[in-house]
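Computed from a predicted structure; not experimentally measured. Residue numbering restarts at 1 for every chain, and letters A, B, ... go by the order of the sequence lines. Keep in mind that the numbers below use all heavy atoms, side chains included, and drop hydrogens, waters and symmetry copies.
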Amino acid sequence: MPQLRRKKVPWTVQEEEMLKKGVQKFSSDGKFPWKDILEYGSSVFFSDRTTIDVKDKWRNMCKVSPKFK
DNA sequence: CTAGGGTTAGAC
DNA sequence: GTCTAACCCTAG
């Protein structure tokens with residue numbers, strides 16, 4: 001059992017857009033309800049997309065583009 | 001549940 | 001060989 005890591009699937013524009021919209025719509029008390037955001041765009045987000053993935057994507061995006069924060 | 005860190009894989 | 005994007009694990 002070589003514990004295969006999931007394949008590297010690039011994020012689509014739909015996911016990034018839904019993430020941005022969700023964060024701009026939600027984002028209360030400086031907290032990020034990724035759970036709600038994920039549910040909000042569950043129709044666009046992949047089936048394996050987790051709150052950790054969303055947070056990581058947002059973090060990476062912010063690191064490379066401080067304009068989003 | 002959210003935040004941060006470390007590692008792997010693909011592109012340059 | 002290096003950098004960016006993504007995935008997994010741990011800590012608060």
Side-chain angles (χ1 to χ4, degrees):
Chain A
M1 284 283 277
Q3 282 203 336
L4 280 148
R5 195 178 273 185
R6 209 162 298 177
K7 207 195 175 302
K8 195 172 279 262
V9 49
W11 279 57
T12 53
V13 290
Q14 291 243 81
E15 285 186 87
E16 291 183 74
E17 238 176 303
M18 191 63 82
L19 175 58
K20 194 186 150 194
K21 211 144 197 167
V23 167
Q24 294 246 307
K25 212 171 175 62
F26 292 89
S27 112
S28 34
D29 287 316
K31 220 67 178 176
F32 291 92
W34 306 114
K35 206 170 80 68
D36 283 74
I37 298 166
L38 196 77
E39 241 186 295
Y40 178 71
S42 56
S43 308
V44 166
F45 290 121
F46 273 77
S47 318
D48 291 283
R49 223 52 102 184
T50 29
T51 57
I52 311 293
D53 288 322
V54 177
K55 198 212 122 39
D56 255 47
K57 173 81 183 144
W58 191 256
R59 215 241 251 184
N60 251 328
M61 212 190 264
C62 207
K63 204 173 181 167
V64 72
S65 275
K67 305 188 293 294
F68 274 102
K69 208 163 87 37

Output the rounded distance in Å from [atom1] ([X]) to [atom2] ([N]).
X	N	atom1	atom2	result
K31(A)	dC1(B)	NZ	P	13 Å
R6(A)	dG10(B)	CZ	P	16 Å
R5(A)	dA5(C)	CZ	C1'	13 Å
K55(A)	dA5(C)	NZ	P	16 Å
M61(A)	dA5(C)	CE	C1'	11 Å
R59(A)	dG4(B)	CZ	P	6 Å
W58(A)	dA3(B)	CH2	P	12 Å
N60(A)	dT8(B)	CG	P	17 Å

Indicate the ring-plane relationship of W58(A) and W34(A), choosing parallel, tilted or perpendicular according to the 30° and 60° boundaries.
tilted
To the nearest 0.5 Å, what is the distance between [atom1] on [X] and [atom2] on [Y]?
X	Y	atom1	atom2	value
K35(A)	T50(A)	NZ	OG1	13.5 Å
T12(A)	E17(A)	OG1	CD	9.5 Å
K63(A)	D56(A)	NZ	CG	11.0 Å
K57(A)	E15(A)	NZ	CD	8.5 Å

Taking only side-chain nitrogens and oxygens of [X], does any of them come within less than 4.0 Å of OP1 or OP2 of [N]?
X	N	answer
K57(A)	dA6(C)	yes
W34(A)	dA3(B)	yes
K7(A)	dA9(B)	no
R49(A)	dC7(C)	yes

List in numerical order all residues of residues 38-48 of chain A for which some heavy atom is under 4.0 Å away from an atom belonging to DNA chain C.
none
Apply the test side-chain contact (heavy atoms from CB on, under 4.5 Å) to residues M18(A) and F45(A): give CA-CA distance (whole Å), side-chain angles for both, the deciding distance (0.1 Å), then the verdict.
CA-CA 8 Å; M18(A) 191 63 82; F45(A) 290 121; 3.8 Å; yes
Using the side-chain contact (heavy atoms from CB on, under 4.5 Å) rule, take R49(A) and V9(A) through it: C-alpha gap first, then chi angles, then the decisive distance, then the call.
CA-CA 10 Å; R49(A) 223 52 102 184; V9(A) 49; 3.9 Å; yes
K8(A) has its side chain closest, among dG5(B), dG10(B), dC7(C), to dG10(B)
Please confirm whether any donor atom in the side chain of D56(A) sits under 3.5 Å from an acceptor in the base of dC7(C), or the reverse.
yes
